[in-house]
Amino acid sequence: MHRRQMVMVLISILWITTAFGLTLTPVWEITRPAEWAEIQYFGIHYDGSGDPLVVCRTDSGVFTVDHTGAQTMIWTFAEGDSTQFQSAVLSASGNYVAIITNRLEDEETWTWVGDIRVMDAEGALVWEVTGTAYRKIGLADVGPWSISTMPEYGEFDHVYHDYLIRDPSGAVSHEGIRPSHYNIAVSDDGTRFTYCTMDSVFELDSAGSILRVEPMQLPGLEGYNPEIDVSTPSHGFSVSYFSKGLPSPAGKIIFNDSTGAFGTPIDVAASWHADLDISDDGEHAVLGARGTLYCLTRATSSIEWSTTDPDGFQARSYRSVEISGDGSLVVGCASQGDSSSARLEIFDTAGTELYEESLPTIGVITAQMTPEGAYLVLRLEPPTWPDGDITLVLYEISL
């Protein structure tokens with residue numbers, strides 16, 4: 001049972017907002033000055049005491065915000081030059097952070113090496129390797145299990161060569177040779193690992209055994225481009241979004257399971273600027289796109305419900321969507337086409353609107369929610385950003 005006792009800060013300026021039976025209680029609100037750097041990604045999980053902890057990655061480092069609103073910088077990137085730079089990778093909810101340092105070892109042969117430092121959200125070292133050619137990593141929320149790969153320079157300097165699967169101690173459990181692959185990933189629970197080639201997605205277990213091979217271009221989807229896909233924490237179920245592109249706002253959503261079986265494609269009137277999320281049981285997915293928010297079901301490969309802006313396709317874009325682990329809550333963050341105003345919407349599993357709030361001074365909202373739907377953290381970007389300030393707000397959700 002997660003502890004719900006909150007230490008409230010700034011209580012005099014916080015308020016409780018409610019609509020249609022759902023209540024959002026602000027826990028804290030923090031404004032990040034523009035000069036601190038953009039928040040590129042953030043996650044939320046529970047710390048060792050059962051309180052929510054928000055972890056943020058910026059282009060200057062990684063910081064956390066605890067349940068009292070206290071901020072801690074757990075890593076600041078070292079200033080580099082053209083021969084050295086640092087980057088950070090977060091696991092899905094921010095349980096773990098990897099800091100990758102890349103440095104040019106030999107200018108004549110253009111040889112780069114890297115150091116990988118994996119920490120927990122408190123900044124404590126979990127494992128570290130130095131002087132390695134493996135310099136891109138995916139982290140699980142559990143363990144952390146990880147998969148890393150190395151660049152392959154030549155005709156395509158953005159492809160990768162070989163990969164390593166590491167257990168929670170950092171020990172290599174499997175090394176594979178796969179020239180010219182692209183993205184790598186690990187499931188949230190650390191049980192499955194993937195890499196992509198030009199035409200296929202390969203899924204492995206921790207010993208490196210291939211569990212399935214999935215085609216990048218599915219039969220019957222000629223002319224559609226793969227845009228985005230998400231999966232359950234174990235990769236047991238996935239949902240993918242394919243877009244036909246402009247000028248026609250046409251797209252398709254497809255569910256598939258761990259055996260590689262695909263459901264019937266679901267037609268959606270959507271195109272680019274989409275966001276996608278799936279419930280932990282894999283039975284429901286939510287797609288936010290230009291003009292429409294969709295909730296879809298795997299069982300019947302159909303649209304459960306949708307909401308469309310009366311002004312049509314160009315009116316607003318759902319740039320960030322979230323669905324709770326059981327599919328009972330859907331969060332949609334909508335922005336107007338000119339990014340001059342935004343709106344937060346929350347629905348139940350049947351599509352009944354539980355909450356709506358217009359934010360005329362906000363340009364873009366990005367959301368992350370705890371799996372059981374108890375806490376919601378929002379990143380609020382003003383229309384004038386990067387000239388304005390970015391705000392983070394943590395809410396407790398109650399029905």
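Every value quoted in this text rests on a predicted model; they were computed, and no experiment measured them. FYI, side chains are in, hydrogens and waters are out, and symmetry mates aren't considered; it's all heavy atoms of this structure.
The aromatic rings of Y163 and H174 lie tilted to each other, with the angle between the two planes from 30° to 60°.
Side-chain atoms of S49 do not come within 3.5 Å of backbone N or O of D51 as any donor-acceptor pair. No donor-acceptor pair closer than 3.5 Å links the side chain of Q71 to the backbone N or O of V65. N183 places no side-chain N or O within donor-acceptor distance of the main-chain N or O of C196, the cut-off being under 3.5 Å. Using a distance-only test at 3.5 Å, with no hydrogens or angles considered, no donor-acceptor pair links the side chain of S148 to the main chain of K136. Looking at S240, its side chain never comes within 3.5 Å of a backbone N or O of I254 through a donor-acceptor pair. Judged by distance alone, the side chain of S335 and the main-chain N or O of G363 form a donor-acceptor pair under 3.5 Å. Between the side chain of W28 and the backbone N or O of D66 there is at least one donor-acceptor pair closer than 3.5 Å. Using a distance-only test at 3.5 Å, with no hydrogens or angles considered, no donor-acceptor pair links the side chain of T132 to the main chain of G114. Not a single donor-acceptor pair under 3.5 Å links the side chain of D348 to the backbone N or O of S328.
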Task: Trace of the side chain to side chain contact (heavy atoms under 4.5 Å, CB included) decision for V286 with V331 - done: CA-CA 9 Å; V286 58; V331 177; over 6 Å; no

TODO: Could you walk me through whether W75 and V97 pass side chain to side chain contact (heavy atoms under 4.5 Å, CB included), step by step?
DONE: CA-CA 9 Å; W75 191 267; V97 180; over 6 Å; no

Open item on the list: Between E38 and R379, is the salt bridge (charged side-chain N to carboxylate O under 4.0 Å, His left out) condition met? List the steps.
Closed with: CA-CA 10 Å; E38 178 186 5; R379 173 190 181 275; 3.5 Å; yes

- [ ] Could you walk me through whether D277 and V239 pass the side chain to side chain contact (heavy atoms under 4.5 Å, CB included) test, one step at a time?
- [x] CA-CA 8 Å; D277 196 18; V239 61; over 6 Å; no

TODO: Determine, stepwise, if the pair Y41 / Q368 fulfils side chain to side chain contact (heavy atoms under 4.5 Å, CB included).
DONE: CA-CA 10 Å; Y41 178 83; Q368 290 285 343; 4.2 Å; yes

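Applying the ring-ring contact (aromatic ring centres under 6.0 Å, His included) criterion to H45, with sequence neighbours excluded, gives no partner residue. For the side-chain contact (heavy atoms from CB on, under 4.5 Å) test, residues two or more places apart in sequence or in another chain that qualify with S279 are D281, H284, I323. With sequence neighbours excluded, no residue forms a ring-ring contact (aromatic ring centres under 6.0 Å, His included) with F193.
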Show me the donor-acceptor pairs within less than 3.5 Å that the side chains of residues 119-129 make with the rest of the protein, sequence neighbours left out.
residue	atom	partner	partner atom	Å
D120	OD1	E122	N	2.9
D120	OD1	G123	N	3.1
D120	OD1	A124	N	2.9

Show which side-chain atoms of residues 259-270 pair as donor or acceptor with protein atoms under 3.5 Å away, not counting sequence neighbours.
residue	atom	partner	partner atom	Å
T259	OG1	D257	OD1	2.5
T259	OG1	A261	N	3.4
D267	OD1	K252	NZ	2.4

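Expressed to the nearest 0.5 Å, how far SG of C56 lies from CE of M73 amounts to 9.5 Å. Here the straight-line distance linking atom CG of N95 with atom CD1 of I44 works out to 11.5 Å at 0.5 Å rounding. Atom OG of S146 is separated from atom CD1 of I165 by 9.0 Å, given to the nearest 0.5 angstrom. Rounding to the nearest 0.5 Å gives a distance of 10.0 Å between CZ of R57 and CD1 of I99. The OG atom of S93 lies 13.5 Å from the CE atom of M369; values are rounded to the nearest 0.5 Å. A distance of 10.0 Å separates CD1 of I100 from CZ of F85, quoted to the nearest 0.5 Å.
E304 and T297 are not linked by any side-chain donor-acceptor pair at a separation below 3.5 angstrom, with hydrogens and angles left out of the test. D167 and S169 are linked by a side-chain donor-acceptor pair at a separation below 3.5 angstrom, with hydrogens and angles left out of the test. If you check the side chains of H181 and T149, you find a donor sitting under 3.5 Å from an acceptor. Between the side chains of S243 and N225, no donor N or O sits under 3.5 Å from an acceptor N or O. Residues E357 and Y355 bring a donor and an acceptor atom of their side chains to less than 3.5 Å of each other. In this model, a donor atom of one side chain and an acceptor atom of the other lie less than 3.5 Å apart for E345 and Y318.
The stretch residues 182-202 participates, sequence neighbours left out, in these salt bridge (charged side-chain N to carboxylate O under 4.0 Å, His left out) pairs: R192-E203.
P52 and L394 get closest at one heavy-atom pair: CG-CD2, 4.0 Å. When every heavy atom of S173 is checked against every heavy atom of W145, the shortest pair comes out as OG-CZ3, 3.7 Å. Looking at every heavy atom in both residues, A92 comes nearest to D141 through CB-OD2, 3.4 Å. Scanning both residues, A140 and V186, for their nearest heavy atoms gives N-CG1, 3.4 Å. When all heavy atoms of L354 and L22 are compared, the closest pair comes out as O-CB, 3.7 Å. Contact record, S187 with P233: CB-O, 3.2 Å, taken as the closest heavy-atom pair.
Taking hydrophobic clusters as Ile, Leu, Val, Met, Phe, Trp and Tyr residues chained together by side-chain heavy-atom distances below 4.5 Å, I147 does not share a cluster with L139. By the criterion of side-chain heavy atoms lying less than 4.5 angstrom apart, applied directly or through intervening Ile, Leu, Val, Met, Phe, Trp or Tyr residues, V201 is not grouped with F242; the two fall into different hydrophobic clusters. Under a hydrophobic-cluster definition in which Ile, Leu, Val, Met, Phe, Trp and Tyr are linked whenever side-chain heavy atoms come within less than 4.5 Å, directly or via other members, I362 and I346 are assigned to the same cluster. The hydrophobic clustering, which links ILVMFWY residues whose side-chain heavy atoms are closer than 4.5 Å, places I74 and I30 apart. A continuous path of hydrophobic side-chain contacts links I39 to V27 [ILVMFWY only; heavy atoms under 4.5 Å].
Between E322 and V330 the shortest side-chain heavy-atom distance does not fall below 4.5 Å. Side chains of I116 and R135 form no contact here, defined as non-hydrogen atoms less than 4.5 Å apart. At a threshold of 4.5 Å between non-hydrogen side-chain atoms, the residues T391 and V393 count as touching. Side chains of Q84 and T101 form a contact here, defined as non-hydrogen atoms less than 4.5 Å apart. You'll find the side chain of L287 stays beyond 4.5 Å of the side chain of L293, heavy atoms only. Between I390 and L380 the shortest side-chain heavy-atom distance does not fall below 4.5 Å. Residues D280 and T232 are not in side-chain contact: their nearest non-hydrogen atoms beyond the backbone lie 4.5 Å or more apart. Residues I253 and I303 fail the side-chain proximity criterion, which asks for heavy atoms closer than 4.5 Å.
Between E105 and R103 there is no salt bridge, since no side-chain nitrogen of the basic residue lies less than 4.0 Å from a carboxylate oxygen of the acidic one.
Between W305 and F347, the gap from one ring centroid to the other is short of 6.0 Å.
Geometrically, R178 engages F202 in a cation-pi contact defined by less than 6.0 Å to the ring centre and at most 45° from the axis.
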